[in-house]
Protein chains: 2
Amino acid sequence: LIRLEEIKKDYRLDGVIVPALQGINLEINQGEFFCMMGASGSGKSTLMNLISCMDRPTSGKYILEGEDVSQLDKNALAHLRNKTIGLVFQNFNLLSSATALENVELPLLYGGVPAVERVKTAKQLLEKVGLGDRLHHYPTQLSGGQQQRVAIARALVNSPKILMADEPTGNLDSQTSDDIMAMLTQLNKDGLTVILVTHEPDVARYSKRVVLMKDGKILKEEKR
Amino acid sequence: LIRLEEIKKDYRLDGVIVPALQGINLEINQGEFFCMMGASGSGKSTLMNLISCMDRPTSGKYILEGEDVSQLDKNALAHLRNKTIGLVFQNFNLLSSATALENVELPLLYGGVPAVERVKTAKQLLEKVGLGDRLHHYPTQLSGGQQQRVAIARALVNSPKILMADEPTGNLDSQTSDDIMAMLTQLNKDGLTVILVTHEPDVARYSKRVVLMKDGKILKEEKR
Ligand SMILES: Nc1ncnc2c1ncn2[C@@H]1O[C@H](COP(=O)(O)OP(=O)(O)OP(=O)(O)O)[C@@H](O)[C@H]1O
Ligand SMILES: Nc1ncnc2c1ncn2[C@@H]1O[C@H](COP(=O)(O)OP(=O)(O)OP(=O)(O)O)[C@@H](O)[C@H]1O
Ligand SMILES: [Mg+2]
Ligand SMILES: [Mg+2]
């Protein structure tokens, strides 16, 4: 499903090169429950941005669903991403001008789903993450962990093939975190490929494969 | 130092009342290392907003440093807060148009500190949180955990009497988190009052008093 060969990513800042990823080789198969851990600044979010096609590598090969991503133009890339991947950003990235329900409906709106069905599907997902009584709150009227759960619901509403979540439980207490991880475990059993970044061992223990990043490289891998 | 009596906070939304805090009684003495835990949505950030004078209670009494906060006008309240409290927000609240160094200098700029001393103090604090090589990065050019550490440095730069930090390690790996907590423990020994919100037991164990919030009330308190 996902194959990375010698992937490098350099950021340029005032002429200085920040080598965020220094040669990543990785394969992720369909249906896997995969987790990345590592120190702050080790390159986890940068790697998530490349796998999710939000950014392009400086060099190296990336094959997604059999397609060489470097050969795709911007529109084809966005189309492949919207169809395949659900994204939960580290900073949530919710629209502050839309309610919780409207935020979760957004991917369905882009997908051309009719209104009645859109509202029904979005509502079900918000109830599933425990926010059935917060549908009409705007992000600034929600707690940190509630905003995070709206972002999780939005990433799942389009029934993607792959869920990519960057620190999805960073603002959640352990009970709410367990509820979310149990939901992802069930979805994974039903066929969803899950790729997580976390710093919490209690979250990593749900996954079958844990990769440890250090200074832009994969230090080691553990299979559970 | 801080005394709350029957504090209540209601949010109004489309005519519906959301009772975020339902009668809080709490005293925090100078030099304490105090921690709040509780489920997502239980009212922790709302209580932090009231204690830090970022928001006013719907009813109840709040005495800060011997002053009845409800008797202070907006300017007097802001002055008391800037002089006394360093704040780390759950969503960092960094200025995206300023570099890491400029963000940490900001409280000193408001305080009228001359430029040379301002840059020196801000730089020292950024080095202390492990970001000496990221001074001129903008927030969007920093990882999530690096942004969080800039927010921690900014809250400490004015040598406040009280540090209030809402989930300060939510984006940090355990080693970086331990480094930050060791720094706060040392500052607490030197006299800094620390008030934390966290969902991580490994962070709560640094504090001497842990309060558990549930549905807008204090459920129980534990002394370590
Ligand atoms: N501006 C607002 N308008 C309406 N309701 C709000 C507003 N801000 C917060 N709330 C609600 O008040 C409750 C308490 O919110 P608060 O942010 O204090 O929770 P919290 O304990 O910090 O949660 P978390 O751990 O998820 O950050 C939540 O249910 C939230 O939906
Ligand atoms: N736009 C950018 N320009 C310059 N440097 C950047 C940029 N984005 C990230 N970096 C740097 O690249 C490195 C990797 O960042 P990344 O966000 O991938 O780390 P991370 O592992 O996700 O960290 P965290 O756990 O703190 O979120 C960091 O040192 C960061 O400062
Ligand atoms: Mg990150
Ligand atoms: Mg909160």
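The basis for the numbers below is simple: all heavy atoms, side chains too, and nothing from hydrogens, waters or symmetry mates. Chain identifiers are assigned alphabetically (A, B, ...) following the order of the sequence lines, protein sequences preceding nucleic acid strands; residue numbering begins at 1 within each chain.
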Checklist entry - How many angstroms lie between atom CG of B:D202 and atom CD of A:E200, to the nearest 0.5 angstrom? => result 9.5 Å

Next on the checklist: What part of A:L13 gets within 4.5 angstrom of chain B, counting heavy atoms only: side chain, backbone, both, or neither?
Outcome noted: side chain

Item to check | Largest heavy-atom contact set with chain B, pairs under 4.5 Å, which of A:G170, A:S177, A:G145, A:S143 | outcome: A:G170

Next on the checklist: Counting heavy-atom pairs under 4.5 Å with chain A, which one of B:R134, B:Q175, B:Q141 comes out on top?
Outcome noted: B:Q141

Checklist outcome for this item: Against chain A, residues from residues 32-48 of chain B with at least one heavy atom under 4.5 Å, in numeric order, are B:G38, B:A39, B:S40, B:G41

Item to check | Proximal component of B:T169, with respect to chain A [non-hydrogen, under 4.5 Å] | outcome: backbone

Checklist entry - Heavy-atom distance under 4.5 Å to chain B: side chain of A:N91, backbone, both or neither? => result neither

Item to check | Value rounded to 0.5 Å, distance of NZ in B:K214 from CG in A:D173 | outcome: 11.0 Å

Item to check | Contacting moiety of A:V197, where chain B heavy atoms sit under 4.5 Å | outcome: neither

Item to check | Note, B:N171 side chain near A:Q90 side chain (heavy atom, < 4.5 Å) | outcome: yes

Next on the checklist: Tell me the closest heavy-atom pair linking B:V18 and A:H137, and the distance in Å.
Outcome noted: CG2-CE1, 4.0 Å

